[in-house]
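Heavy-atom basis, side chains included; hydrogens, waters and symmetry copies ignored.
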Amino acid sequence: MDTFMARAVELAVHNVKQGGQPFGAVLAMEGNIISEGVNELHLTYDVSGHAEMIAIRKAQEKLQTNDLSNCIMYASGEPCPMCLTAIYYAGIQKVYYAESIEEANEVGFSSTFMYEELGKARDNRQLTMSYMPLTEAKTSPLQYWNKRK
(Lines give C-alpha, C1' and ligand atoms only; values in the text may rest on other atoms or scores of the structure.)
Protein backbone atom coordinates (compact mmCIF):
# COMPACT_ATOMS: atom_id res chain seq x y z
CA MET A 1 0.00 0.00 0.00
CA ASP A 2 1.19 3.50 -0.83
CA THR A 3 2.58 5.28 2.26
CA PHE A 4 0.18 8.21 1.89
CA MET A 5 -2.82 5.89 1.64
CA ALA A 6 -1.51 3.86 4.57
CA ARG A 7 -1.43 7.09 6.59
CA ALA A 8 -5.00 8.00 5.58
CA VAL A 9 -6.19 4.54 6.67
CA GLU A 10 -4.18 4.79 9.91
CA LEU A 11 -5.84 8.15 10.65
CA ALA A 12 -9.28 6.65 9.98
CA VAL A 13 -8.73 3.68 12.30
CA HIS A 14 -7.33 5.94 15.02
CA ASN A 15 -10.36 8.21 14.68
CA VAL A 16 -12.69 5.25 15.29
CA LYS A 17 -10.68 4.42 18.44
CA GLN A 18 -11.27 8.03 19.56
CA GLY A 19 -15.05 7.75 19.06
CA GLY A 20 -15.16 9.21 15.56
CA GLN A 21 -16.06 7.92 12.12
CA PRO A 22 -13.77 5.74 9.96
CA PHE A 23 -12.51 8.41 7.58
CA GLY A 24 -9.05 9.91 7.19
CA ALA A 25 -7.44 11.98 4.45
CA VAL A 26 -3.96 13.08 3.48
CA LEU A 27 -3.01 15.82 1.02
CA ALA A 28 0.41 15.36 -0.52
CA MET A 29 2.46 17.64 -2.73
CA GLU A 30 5.80 16.83 -4.34
CA GLY A 31 6.14 13.65 -2.28
CA ASN A 32 5.43 15.28 1.08
CA ILE A 33 2.37 15.37 3.32
CA ILE A 34 0.99 18.91 3.32
CA SER A 35 -1.98 18.26 5.62
CA GLU A 36 -4.13 15.57 7.19
CA GLY A 37 -7.68 15.31 8.40
CA VAL A 38 -10.17 13.00 10.02
CA ASN A 39 -13.93 13.30 10.37
CA GLU A 40 -14.44 15.62 13.34
CA LEU A 41 -18.23 15.53 13.55
CA HIS A 42 -18.07 13.90 16.98
CA LEU A 43 -15.92 16.77 18.25
CA THR A 44 -17.26 19.84 16.51
CA TYR A 45 -20.88 18.98 15.63
CA ASP A 46 -20.15 20.48 12.24
CA VAL A 47 -21.49 18.48 9.28
CA SER A 48 -18.74 19.91 7.08
CA GLY A 49 -16.08 18.42 9.35
CA HIS A 50 -15.21 15.58 6.97
CA ALA A 51 -11.63 14.34 6.66
CA GLU A 52 -11.13 15.68 3.14
CA MET A 53 -12.61 19.08 4.04
CA ILE A 54 -10.33 19.36 7.09
CA ALA A 55 -7.26 18.41 5.05
CA ILE A 56 -8.18 20.97 2.36
CA ARG A 57 -8.74 23.75 4.94
CA LYS A 58 -5.42 23.04 6.64
CA ALA A 59 -3.51 22.94 3.35
CA GLN A 60 -5.03 26.17 2.07
CA GLU A 61 -4.23 27.94 5.30
CA LYS A 62 -0.70 26.52 5.42
CA LEU A 63 0.05 27.37 1.78
CA GLN A 64 -1.98 30.63 1.84
CA THR A 65 -3.80 29.73 -1.36
CA ASN A 66 -7.10 28.33 -2.58
CA ASP A 67 -5.30 26.57 -5.44
CA LEU A 68 -4.30 23.03 -4.49
CA SER A 69 -3.87 21.83 -8.07
CA ASN A 70 -0.37 20.55 -7.25
CA CYS A 71 -1.73 18.31 -4.48
CA ILE A 72 -2.95 14.71 -4.50
CA MET A 73 -5.73 13.58 -2.14
CA TYR A 74 -5.51 10.20 -0.43
CA ALA A 75 -8.75 9.30 1.33
CA SER A 76 -9.65 6.20 3.30
CA GLY A 77 -13.14 6.36 1.80
CA GLU A 78 -14.49 7.57 -1.53
CA PRO A 79 -15.36 11.26 -1.09
CA CYS A 80 -18.98 12.22 -0.52
CA PRO A 81 -20.58 14.87 -2.77
CA MET A 82 -19.65 17.72 -0.40
CA CYS A 83 -16.01 16.67 -0.23
CA LEU A 84 -15.89 15.97 -3.94
CA THR A 85 -17.18 19.48 -4.61
CA ALA A 86 -14.52 20.99 -2.34
CA ILE A 87 -11.88 18.91 -4.13
CA TYR A 88 -13.04 20.38 -7.45
CA TYR A 89 -13.11 23.94 -6.07
CA ALA A 90 -9.58 23.50 -4.67
CA GLY A 91 -8.34 22.37 -8.09
CA ILE A 92 -7.10 18.99 -6.91
CA GLN A 93 -6.56 16.85 -10.00
CA LYS A 94 -6.08 13.37 -8.53
CA VAL A 95 -7.80 11.46 -5.73
CA TYR A 96 -7.05 7.96 -4.48
CA TYR A 97 -9.48 6.22 -2.13
CA ALA A 98 -9.29 2.88 -0.31
CA GLU A 99 -12.96 2.01 0.20
CA SER A 100 -15.86 2.80 -2.13
CA ILE A 101 -19.21 4.43 -1.48
CA GLU A 102 -20.79 1.01 -1.99
CA GLU A 103 -18.57 -0.44 0.77
CA ALA A 104 -19.45 2.49 3.04
CA ASN A 105 -23.17 1.90 2.35
CA GLU A 106 -22.79 -1.66 3.64
CA VAL A 107 -21.83 -0.39 7.10
CA GLY A 108 -24.28 2.50 7.32
CA PHE A 109 -22.51 5.45 5.68
CA SER A 110 -24.58 6.32 2.65
CA SER A 111 -23.78 9.10 0.20
CA THR A 112 -25.86 7.49 -2.52
CA PHE A 113 -28.95 9.58 -1.73
CA MET A 114 -26.97 12.82 -2.02
CA TYR A 115 -25.42 11.84 -5.32
CA GLU A 116 -28.89 10.98 -6.66
CA GLU A 117 -30.43 14.22 -5.39
CA LEU A 118 -27.71 16.37 -6.91
CA GLY A 119 -28.29 14.69 -10.26
CA LYS A 120 -31.92 15.81 -10.29
CA ALA A 121 -33.28 19.07 -11.65
CA ARG A 122 -33.74 21.71 -8.93
CA ASP A 123 -37.53 21.34 -8.93
CA ASN A 124 -37.34 17.54 -8.53
CA ARG A 125 -35.22 17.47 -5.37
CA GLN A 126 -36.65 16.68 -1.95
CA LEU A 127 -35.26 19.98 -0.67
CA THR A 128 -37.51 22.90 -1.48
CA MET A 129 -35.60 25.74 -3.11
CA SER A 130 -37.27 28.99 -4.13
CA TYR A 131 -35.79 31.80 -6.18
CA MET A 132 -36.17 35.27 -4.63
CA PRO A 133 -34.80 37.81 -7.12
CA LEU A 134 -33.25 41.05 -5.93
CA THR A 135 -36.05 43.40 -6.87
CA GLU A 136 -35.74 45.89 -4.01
CA ALA A 137 -32.07 45.58 -3.12
CA LYS A 138 -29.96 48.68 -3.63
CA THR A 139 -26.91 46.64 -4.54
CA SER A 140 -26.51 43.25 -6.15
CA PRO A 141 -23.56 41.50 -4.45
CA LEU A 142 -22.63 39.86 -7.76
CA GLN A 143 -22.73 43.12 -9.70
CA TYR A 144 -20.83 44.91 -6.94
CA TRP A 145 -18.12 42.25 -7.10
CA ASN A 146 -18.04 42.39 -10.90
CA LYS A 147 -17.49 46.18 -10.89
CA ARG A 148 -14.64 45.90 -8.40
CA LYS A 149 -12.58 43.32 -10.25
Side-chain angles (χ1 to χ4, degrees), residues 1-132 134 137 141-142 144-145 148-149:
M1 181 184 299
D2 178 281
T3 55
F4 298 129
M5 182 59 78
R7 178 63 181 153
V9 170
E10 177 186 355
L11 288 166
V13 170
H14 181 72
N15 201 43
V16 172
K17 291 177 182 177
Q18 301 298 312
Q21 296 175 337
F23 300 104
V26 169
L27 264 176
M29 183 173 72
E30 299 174 358
N32 296 304
I33 292 176
I34 299 300
S35 63
E36 300 177 335
V38 296
N39 275 35
E40 296 182 352
L41 283 75
H42 67 297
L43 301 173
T44 62
Y45 303 100
D46 173 2
V47 296
S48 71
H50 288 200
E52 299 90 338
M53 300 285 284
I54 301 298
I56 288 170
R57 286 180 192 139
K58 287 180 179 179
Q60 289 176 330
E61 183 176 354
K62 179 178 183 177
L63 300 173
Q64 292 293 291
T65 184
N66 290 320
D67 180 10
L68 300 179
S69 58
N70 293 328
C71 293
I72 299 172
M73 174 71 73
Y74 296 84
S76 64
E78 185 174 355
C80 73
M82 175 181 63
C83 293
L84 186 59
T85 301
I87 288 166
Y88 274 107
Y89 274 128
I92 297 167
Q93 301 292 310
K94 191 175 280 192
V95 177
Y96 294 100
Y97 60 92
E99 294 183 290
S100 69
I101 287 173
E102 293 79 14
E103 291 169 303
N105 284 343
E106 292 174 11
V107 298
F109 293 100
S110 179
S111 294
T112 305
F113 169 76
M114 296 300 235
Y115 273 109
E116 290 170 355
E117 279 288 291
L118 292 173
K120 295 177 183 176
R122 205 180 293 127
D123 292 339
N124 294 332
R125 295 181 189 148
Q126 287 189 20
L127 176 66
T128 302
M129 294 179 61
S130 302
Y131 178 54
M132 294 179 70
L134 297 172
L142 292 174
Y144 180 70
W145 177 86
R148 293 191 54 145
K149 63 177 188 165

Spacing of [X] atom [atom1] and [Y] atom [atom2] [to the nearest 0.5 Å]:
X	Y	atom1	atom2	value
M5	I72	CE	CD1	11.0 Å
I33	L27	CD1	CG	10.0 Å
N15	E10	CG	CD	12.0 Å
T112	N105	OG1	CG	3.5 Å

Salt bridge (charged side-chain N to carboxylate O under 4.0 Å, His left out) pairs, two or more places apart, involving residues 86-102:
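Output for this query is empty, none listed.
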Please list all pairs meeting salt bridge (charged side-chain N to carboxylate O under 4.0 Å, His left out) that have one or both residues in residues 117-129, counting only residues at least two apart or in different chains.
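As it turns out, the salt bridge (charged side-chain N to carboxylate O under 4.0 Å, His left out) pairs with a partner in residues 117-129, which skip direct neighbours, are E117-K120.
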Considering non-hydrogen atoms only, spot the tightest contact between [X] and [Y] and give its length.
X	Y	answer
A90	I56	CB-CG2, 4.3 Å
C80	S111	CB-OG, 3.4 Å
G37	A55	N-CB, 4.0 Å
L84	P79	N-CB, 4.1 Å
C83	E52	SG-OE1, 3.3 Å
E103	A98	OE1-O, 4.2 Å

Apply side chain to side chain contact (heavy atoms under 4.5 Å, CB included) to N70 and list each qualifying residue two or more places apart in sequence or on a separate chain.
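Side chain to side chain contact (heavy atoms under 4.5 Å, CB included) check on N70 returns M29.
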Who are the side chain to side chain contact (heavy atoms under 4.5 Å, CB included) partners of M114, not counting sequence neighbours?
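M114: side chain to side chain contact (heavy atoms under 4.5 Å, CB included) contacts with P81.
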Which residues satisfy the side-chain hydrogen bond (donor to acceptor under 3.5 Å, both in side chains) test with T44, sequence neighbours excluded?
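Not a single residue meets the side-chain hydrogen bond (donor to acceptor under 3.5 Å, both in side chains) criterion with T44.
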Suppose we screen for side-chain hydrogen bond (donor to acceptor under 3.5 Å, both in side chains). Which residues come up paired with Q93, at least two apart in sequence or across chains?
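side-chain hydrogen bond (donor to acceptor under 3.5 Å, both in side chains) list for Q93, sorted by chain: empty.
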Restricting to pairs with a member in residues 58-68, which pass side chain to side chain donor-acceptor pair (under 3.5 Å), not counting sequence neighbours?
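For residues 58-68, and leaving out neighbouring residues, the side chain to side chain donor-acceptor pair (under 3.5 Å) pairs sorted by first residue read D67-S69.
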Does anything in residues 25-40 form a side chain to side chain donor-acceptor pair (under 3.5 Å)? List the pairs, not counting sequence neighbours.
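Those involving residues 25-40 are R7-E36, Q21-N39.
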Which residue pairs pass the ring pair (Phe, Tyr, Trp, His ring centres under 6.0 Å) test with at least one member in residues 68-90, sequence neighbours excluded?
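Listed by first then second residue: F4-Y74, Y74-Y96.
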Quick one: ring pair (Phe, Tyr, Trp, His ring centres under 6.0 Å) pairs with a partner in residues 11-64, sequence neighbours left out?
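Applying ring pair (Phe, Tyr, Trp, His ring centres under 6.0 Å) to every pair that reaches into residues 11-64, excluding sequence neighbours, yields F23-F109.
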Can you check whether L134 reaches L142 side chain to side chain, under 4.5 Å on heavy atoms?
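The answer is no; the side chains never approach within 4.5 Å.
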Side chains of I54 and V38 in contact at under 4.5 Å (non-hydrogen atoms)
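Side-chain contact under 4.5 Å: no.
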